[in-house]
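For ligands, and for the atoms within them, numbers begin at 1 and follow the listed sequence. The structure presented is a predicted model; accordingly, all values stated were derived computationally and were not measured.
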Amino acid sequence: MKLYNLTIHELHEKLKKKELTSLELTETFLKRIDAVDGKIKAFITITRENAIEQAKEADKKLASNKDITPLTGIPISVKDIFCTKGIKTTCASKILSNFIPPYDAHVIKKLKDAGAVILGKNNMDEFAMGSSTENSAFFTTKNPWDIERVPGGSSGGSAASVAANECAASIGTDTGGSIRQPAALCGIVGLKPTYGRVSRYGMIAFASSLDQAGPMTKDVTDCAIMLNAMAGYDPQDFTSINAPVPDYTKALTKDVKGLKIGIPKEYFIEGLDIDIEKSVKHAIDVLKKQGASVIDVSLPHTEYAVAVYYLVATAEASSNLARYDGVKYGHRAKDSKNLIDMYRKTRSDGFGPEVKRRIMLGTYSLSAGYYDAYYKKASQVRTLIKRDFEDAFKKCDVILTPTAPTPAFKIGEKTADPLTMYLSDIFTISCNLAGIPGISIPCGFTKDNLPIGLQILGKPLDEETVLKVSFAYEQATDWHKKRAGV
Ligand code: GLN
């Protein structure tokens, strides 16, 4: 087994036993990036010198056995939506193509404090709007399982970098599925924590009532390790939850006896790929054999989720993106006649077509005369979606569904029709609207050898049960051990 194929917990053992230094490991990953990223294109920026410095620091700690965490000296990548002090942070947009933040996002600081080494910044859909990375202003990332296909999105660069073994793990953000859908399409683990569990400070805002950061890893144990480092109260984010952070690795007991798993009929619909349906049903049987009981539940407002999401998310985006006016930071158009002309030119050149579409949709639904019919109505239906989950969770501990209706699709296949692209998030969006935690874990392959993801949703702040069920399933199968042949 090559070093770059290993998980965080396997690498940690080697670092701890001094079989390996973080510098050697970091150089191994940087070489791996040099070898494969020309093909995969998972990175916008590679932070070689910083990574080497961080690795040397980690080696000092490892040598003295002081302040060691499971992440000390572990090379990771991060989505280019997280502000990184002194390092270009573009959000895959032309408007931020030269933006160098003066501070680190809260999660970046936490990961650095835990000793992680940051290799670089991952490609994504511009401002996290998309499901394929095709909306990046720079280039499209390729799926390591089949480079003619998309890696999913918007955290597609993060997912591909993990699946192509260019890093040990990554972090993404999920507003409507952007961690879980690319994790499913690339055959890795991706967790969207409860809204408020991880601070949004320094994470470039898309739709603030939905945005949440989370880990993207090779297995469930690594996911728990990363969440341990990322989660926790942060007074700089006013929606941050002030609740103690458990040690999530303690939840990985394999014991699911007596746990109740809910299966919502609204998620097994026409259009669901047949191989995906088979794999998910098989996963249900695996968990049953391990002693979990399975019951039918209903989430009756599921059919409105995509419509509600595209009203709420675009409304919030139109307001959040108003700050890119060419005045304070980022791109500024040259040769403008006056201030209004400068705003117009800056925003016309700076934003890509999907971002412009959403700003227009959002501005429209918030405008006087339309607000009640669209935004207000969507907020009311959002409450009904949230109540569906509250009712379902009275009967079960977790809810199990497919993560995405199809496996990775071909590059260019859905770009002409935004609506078909929006439908790739049909199973992930409700979780964000309800603010609950959700994970995607590998659960099989299609006949074309494309990875399939299983989604497990949990009660608010109950990431532990989500991880427990995920771990039990993972340990009974070996999908997570498969590596893409890049
Ligand atoms: N694909 C969805 C969208 O385009 C979700 C994106 C996300 O979670 N950031 O909005």
Side-chain angles (χ1 to χ4, degrees), residues 78-82 91-93 122-137 140-141 150-159 170-186 190-193 195 198 200 203-216 305-318 320-321 351-362 365 378 382 403-406 408-409 413-415 417-440 453 455:
V78 304
K79 185 177 184 178
D80 208 18
I81 198 168
F82 293 100
C91 226
S93 182
N122 297 117
N123 195 29
M124 53 183 282
D125 288 292
E126 183 178 3
F127 284 103
M129 298 176 186
S131 311
S132 66
T133 79
E134 290 165 296
N135 295 337
S136 164
T140 299
T141 300
V150 302
S154 63
S155 314
S158 297
S170 188
I171 57 171
T173 60
D174 191 314
T175 305
S178 278
I179 289 176
R180 290 159 290 151
Q181 184 257 18
L185 272 46
C186 288
L191 172 75
K192 182 203 88 77
Y195 182 78
V198 173
R200 290 181 296 111
M203 205 172 100
I204 294 173
F206 163 12
S208 307
S209 78
L210 302 160
D211 296 342
Q212 188 62 192
M216 304 181 76
V306 174
V308 167
Y309 172 82
Y310 278 95
L311 283 163
V312 173
T314 55
E316 292 183 17
S318 76
N320 272 326
L321 270 58
F351 291 132
E354 181 62 26
V355 175
K356 285 182 188 155
R357 178 181 299 125
R358 296 197 188 196
I359 292 174
M360 285 189 280
L361 281 170
S365 66
R382 178 179 186 176
T403 307
T406 67
F409 43 91
E413 191 180 318
K414 298 192 186 203
T415 39
D417 180 1
L419 200 60
T420 36
M421 187 73 91
Y422 294 175
L423 289 174
S424 46
D425 302 308
I426 191 159
F427 299 148
T428 46
I429 275 173
S430 299
C431 163
N432 301 75
L433 291 169
I436 59 175
I439 198 169
S440 178
Q455 177 171 244

Working for side chain to side chain contact (heavy atoms under 4.5 Å, CB included), residues K79 and S178: CA-CA 11 Å; K79 185 177 184 178; S178 278; 4.2 Å; yes
Need the ligand 1 atom indices (1-based, order shown) with element for anything under 4.0 Å from a heavy-atom of G130. 1 (N), 2 (C), 3 (C), 4 (O), 6 (C)
Do Y195 and R200 have side-chain heavy atoms sitting under 4.5 Å apart? yes
Of all the heavy atoms in S154, does at least one lie under 4.0 Å from an atom in ligand 1? yes
Any nitrogen or oxygen of G177 lying under 3.5 Å from a nitrogen or oxygen in ligand 1? Just yes or no. yes
Judging by distance only, is a nitrogen or oxygen of F206 under 3.5 angstrom from one on ligand 1? no
Here the pair of heavy atoms bringing Q455 nearest to T403 is N-OG1, 3.3 Å
Separation between CG (L210) and OH (Y309), nearest 0.5 Å, reads 6.5 Å
Flag, side chain of N432 to backbone of T175, donor-acceptor distance under 3.5 Å: yes
Please confirm whether G153 comes within less than 3.5 Å of ligand 1 when only nitrogen or oxygen atoms on both sides are compared. no
What distance separates Q212 CD from T173 OG1, expressed to the nearest 0.5 Å? 9.5 Å
Atoms of ligand 1 under 4.0 Å from any heavy atom of Y310, numbered from 1 in the order shown, are 2 (C), 3 (C), 4 (O), 10 (O)
Among non-hydrogen protein atoms, atom 2 (C) of ligand 1 lies closest to D425 OD2, 3.1 Å
Among all the protein's non-hydrogen atoms, which is closest to atom 7 (C) of ligand 1, and how far away is it? S178 OG, 2.4 Å
Heavy-atom contact check, 4.0 Å cutoff: does R358 meet ligand 1? yes
Plane angle bin for Y310 and Y422 - parallel if under 30°, tilted between 30 and 60°, otherwise perpendicular: parallel
Closest to atom 5 (C) of ligand 1 among protein heavy atoms sits Y309 OH, 3.3 Å
Taking the side chain as every heavy atom from C-beta outward, state whether T141 and N123 have any atom pair closer than 4.5 Å. yes
Numbering as shown, the atoms of ligand 1 that approach G176 to under 4.0 Å (heavy-atom distance): 5 (C), 7 (C), 8 (O)
In Å, rounded to the nearest 0.5 Å, how long is the span from CG of N122 to CE of M216? 8.5 Å
Work out whether the distance between some heavy atom of Y422 and some atom of ligand 1 is less than 4.0 Å. no
Atoms in ligand 1 with a heavy atom of A128 nearer than 4.0 Å: 6 (C), 7 (C), 9 (N)
